[in-house]
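A short write-up of the structure that comes next.
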2 protein chains.
Amino acid sequence: MVAVRLQDVAARAGVSQATASRVLNGSARVPGEGVADRVRAAARELGYVPNAQAQALARASTGLLGLVVHDIADPYFSSIARGVQAAARTARKHMLLASTDRDFDIEREAVSTFIAHRADAIVLAGSRQSGDLDLDLEAEFARYRDNGGRVVVIGQPLACGGAVEPENHSGAANLADALVAAGHTQFAVVGGPGSIRTAVDRRNGFVEALGRRGLTPLVEVSGDFTRDGGYSAARRLAGALELRADTGTTPVCVFAVTDVMAIGAIAAWRELGLSVPRDVCVAGFDDIPTLRDHTPSLSTVALPLEHIGARAVELALCRDFGPDDLRESVPGSVVLRDSTRLP
Amino acid sequence: MVAVRLQDVAARAGVSQATASRVLNGSARVPGEGVADRVRAAARELGYVPNAQAQALARASTGLLGLVVHDIADPYFSSIARGVQAAARTARKHMLLASTDRDFDIEREAVSTFIAHRADAIVLAGSRQSGDLDLDLEAEFARYRDNGGRVVVIGQPLACGGAVEPENHSGAANLADALVAAGHTQFAVVGGPGSIRTAVDRRNGFVEALGRRGLTPLVEVSGDFTRDGGYSAARRLAGALELRADTGTTPVCVFAVTDVMAIGAIAAWRELGLSVPRDVCVAGFDDIPTLRDHTPSLSTVALPLEHIGARAVELALCRDFGPDDLRESVPGSVVLRDSTRLP
DNA sequence: CTGAAAGCGCTTACAG
DNA sequence: CTGAAAGCGCTTACAG
């Protein structure tokens, strides 16, 4: 990297490095007649590109924003990433991305790297295990925050500054209410890993709402928080419930705690010759963009994913980001579609 | 950012900064008995995190890799990003991501930022306009390369070092052949913007293969390279072809130059009461993961998207990346599914 | 308004 | 093996 340096630009323009710096970085100081033009011309002619590393070292901030997701190819995360990207742009920040493949070691490593790069803020998306398994991470965040770093988590039980909290519990409860109101009477649940709070909250919200109406899920199964997790859980559920086609009876309504799992479940049932919503009904959670063209259309709790990503950035960059936690709830809205339609 | 510095660690360990640096960065030099342990202990106790900006300045390389995509929420790009991320990790690089929203000004700006951050390499995904509209960008890349930067484009007509080239032309041709072999006789095309090479190559490959068999598309329409672009193009196409349901005749087979457009097209037709493949058949291109659970299952040309992303990184980081262009073709494979099934 | 100089936190020849 | 020192490319008080 033997690039053109500010010094070269200054020399060609016949000014000091300090002046060149002031002209090019748009400092408040107004340079004398023609000076600015000369510097800018020199910069252009030489093809000067400021060294952001050097700037970062000399200034306080790097203009970098780190985003950690579980899987960038998952529509849930890529939608959030899109929102983060948009908000980062308007804040004139640039995005460091880590897709961890759901590996917590990789995640920790990614966070360390972001801190090493002195990212101005870090957004952690993707549900974390609840419990105190991540003391290392919390300690690292604490130091990072002491040094002026900002951390915002999306839907996680980590207390580390900021949090955007999708209303998982009440969203799932509202969904249950809506399904009961629509005439459903028999339910089952496809849950996620017990260690993931988002999964647990949604499951609990749903089951508790059912309980308030005197209902209990016939069966609960669970799987990974992925399409394949939903697929295999759904097969087990079909076995447990002895689901069959064309029974003519009111189908069981299954709540899958995330859309990708619901989609996997539908695929599994289809292979078993079961039709949705005729033989079994299903609702998900998130309203990922993929759903728009899915058949059957999927009932779900719609979360404004891009907005969530954008808000996380705004929270992180918020002026009054202090020692206290800044948290913001984001409600979801129930959307009933074909997949839970009763005859 | 008043973080712990190497100096602090050295002081606590009772060694010089140079020694501390050598211990912590794993230089080849082997320190004396116990020294390494003392330094490492000090680093741990103090919670030392190296300042990557300072390291980058002192060393040659930053360990950063820039990826530019049109839209990170588009499955095509998020799949590529996943591959890039995986390859970057194994190369111990970290990823700067820019999602440009298909705005070429934003794209240029993103590239500038990556260069300013002295990214070791830049991967440009997302089709570029053909023609010479981007002299600025090419000039900037040229300088970047002179300074040791590496650039790899995915499926673009830019000559700038490396390129991963999906075989769009032949893939589309093979698709046409396969459809003809399957009994299709009437075709139409939903193309992308005329200025995007990927779209044009696919369209040409398809139409030329048809031509070799004495066939010509009945109609060609085009739209944006997005789901909505496919949706609106498909409506126009339905009008032009006067598509109707249940005619009992052999349906027209439509080639949409990208899966997302095909999906949009199917949605449009469904709204018009047309059924795929009964009233109209359709094939896409890419085999995005979304397709896995789409109904009807979509015929397409499968591209190994993650692999493409990974190869772009490997090419960029390849030792013999010289002044000559390094390019690699990636074939696509035709997959016929329900959406082109004849009765 | 402009410039000389110190400093940001590291790495790495160069001596010892 | 270890350390003093220069240097990476910028910014920014501090003088003038």
Side-chain angles (χ1 to χ4, degrees), chain A residues 1-39 42-43 46-64 113 115-120 147-149, chain B residues 1-39 42-43 46-64 113 115-120 147-149:
Chain A
M1 285 289 156
V2 196
V4 177
R5 294 154 308 159
L6 186 57
Q7 175 126 275
D8 304 321
V9 175
R12 175 178 256 258
V15 300
S16 76
Q17 200 181 151
T19 299
S21 169
R22 288 194 270 255
V23 169
L24 263 22
N25 77 0
S27 111
R29 323 199 61 40
V30 183
E33 192 70 23
V35 171
D37 291 339
R38 258 181 16 246
V39 172
L46 261 29
Y48 172 70
V49 181
N51 184 323
Q53 316 286 339
Q55 288 183 314
L57 198 57
R59 294 176 178 160
S61 124
T62 57
L64 256 25
T113 309
I115 295 179
H117 279 278
R118 301 300 189 262
D120 297 332
N147 295 335
Chain B
M1 286 287 156
V2 197
V4 177
R5 294 155 307 158
L6 185 56
Q7 176 127 273
D8 305 322
V9 175
R12 175 178 258 257
V15 299
S16 75
Q17 200 182 151
T19 299
S21 168
R22 288 193 271 255
V23 169
L24 262 23
N25 77 0
S27 111
R29 321 199 64 39
V30 184
E33 194 70 22
V35 171
D37 291 339
R38 266 196 352 263
V39 172
L46 261 30
Y48 172 70
V49 180
N51 184 323
Q53 315 287 339
Q55 289 184 313
L57 199 57
R59 295 176 176 161
S61 125
T62 57
L64 255 26
T113 309
I115 294 180
H117 279 277
R118 301 300 188 261
D120 297 332
N147 296 335

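Per chain, numbering begins at 1; letters A, B, ... match sequence-line order. Reckoned from all heavy atoms, side chains included, excluding hydrogens, waters and symmetry mates.
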To the side chain of [X], which of [options] is closest?
X	options	value
B/T19	D/dT11, D/dG9, D/dG3	D/dG3
B/A58	C/dT11, C/dG7, D/dT12	C/dT11
A/A18	D/dA4, D/dT12, D/dC8	D/dT12

Separation of [X] atom [atom1] from [N] atom [atom2], in whole Å?
X	N	atom1	atom2	result
A/R59	D/dA13	CZ	P	13 Å
B/Q53	D/dC10	CD	P	14 Å
B/D8	C/dG9	CG	P	9 Å
A/R5	D/dG9	CZ	P	6 Å
B/Y48	C/dG9	OH	P	10 Å
B/L57	C/dG7	CG	P	17 Å
B/L6	C/dG7	CG	P	18 Å
A/Q55	C/dG9	CD	P	17 Å

Regarding B/Q17, tell me which of base, sugar-phosphate or nothing describes its non-hydrogen contacts under 4.0 Å with the strands shown.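 Base, at least one base heavy atom under 4.0 Å.
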Would you say the side chain of B/V4 lies within less than 4.5 Å of the side chain of B/V49, judging by non-hydrogen atoms?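 Contact flag for B/V49/B/V4 side chains = no.
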A/D8: which residues meet the side-chain hydrogen bond (donor to acceptor under 3.5 Å, both in side chains) condition with it, sequence neighbours left out?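 Partners of A/D8 under the side-chain hydrogen bond (donor to acceptor under 3.5 Å, both in side chains) test: A/R5.
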Partner residues of B/R59 under the side-chain hydrogen bond (donor to acceptor under 3.5 Å, both in side chains) criterion, sequence neighbours left out: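 By the side-chain hydrogen bond (donor to acceptor under 3.5 Å, both in side chains) rule, B/R59 matches no residue at all.
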Pairwise P distance for D/dC14 and D/dC10, with rounding to whole Å: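 Going atom to atom, P in each nucleotide, I get 24 Å.
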Can you tell me which stems involve DNA chain C, if a stem is defined as three or more consecutive Watson-Crick or G-U wobble pairs, both distances under 3.5 Å?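 Output for stems: C:1-3 with D:14-16, C:5-12 with D:5-12, C:14-16 with D:1-3.
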Summary of salt bridge (charged side-chain N to carboxylate O under 4.0 Å, His left out) pairs that have at least one residue in residues 10-20 of chain A, sequence neighbours excluded: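 Qualifying pairs, neighbours excluded: A/R12-A/E45.
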Heavy-atom pair with the smallest gap, counting every atom of A/L6 and A/Y48: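 Of all heavy-atom pairs spanning A/L6 and A/Y48, the closest is N-CE1, 3.4 Å.
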Would you say A/S21 reaches D/dT11's phosphate, i.e. side-chain N/O to OP1/OP2 under 4.0 Å?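 Answer yes for this pair, as a side-chain N or O of A/S21 is under 4.0 Å from OP1 or OP2.
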Check whether the side chain of B/R22 and the base of D/dG3 form a donor-acceptor pair under 3.5 Å.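 Answer is yes: a donor-acceptor pair is held.
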Taking only distance into account, with no hydrogens and no angle test, what donor-acceptor pairs under 3.5 Å do side-chain atoms of residues 50-58 of chain A form with protein atoms, sequence neighbours excluded?
unit_1	atom_1	unit_2	atom_2	d
A/N51	OD1	A/Q53	N	2.8
A/N51	OD1	A/A54	N	3.1
A/Q53	NE2	B/H117	O	2.6

Do B/D120 side-chain atoms and B/S61 backbone N/O form a donor-acceptor pair below 3.5 Å?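 No, B/D120 side chain to B/S61 backbone: no donor-acceptor pair under 3.5 Å.
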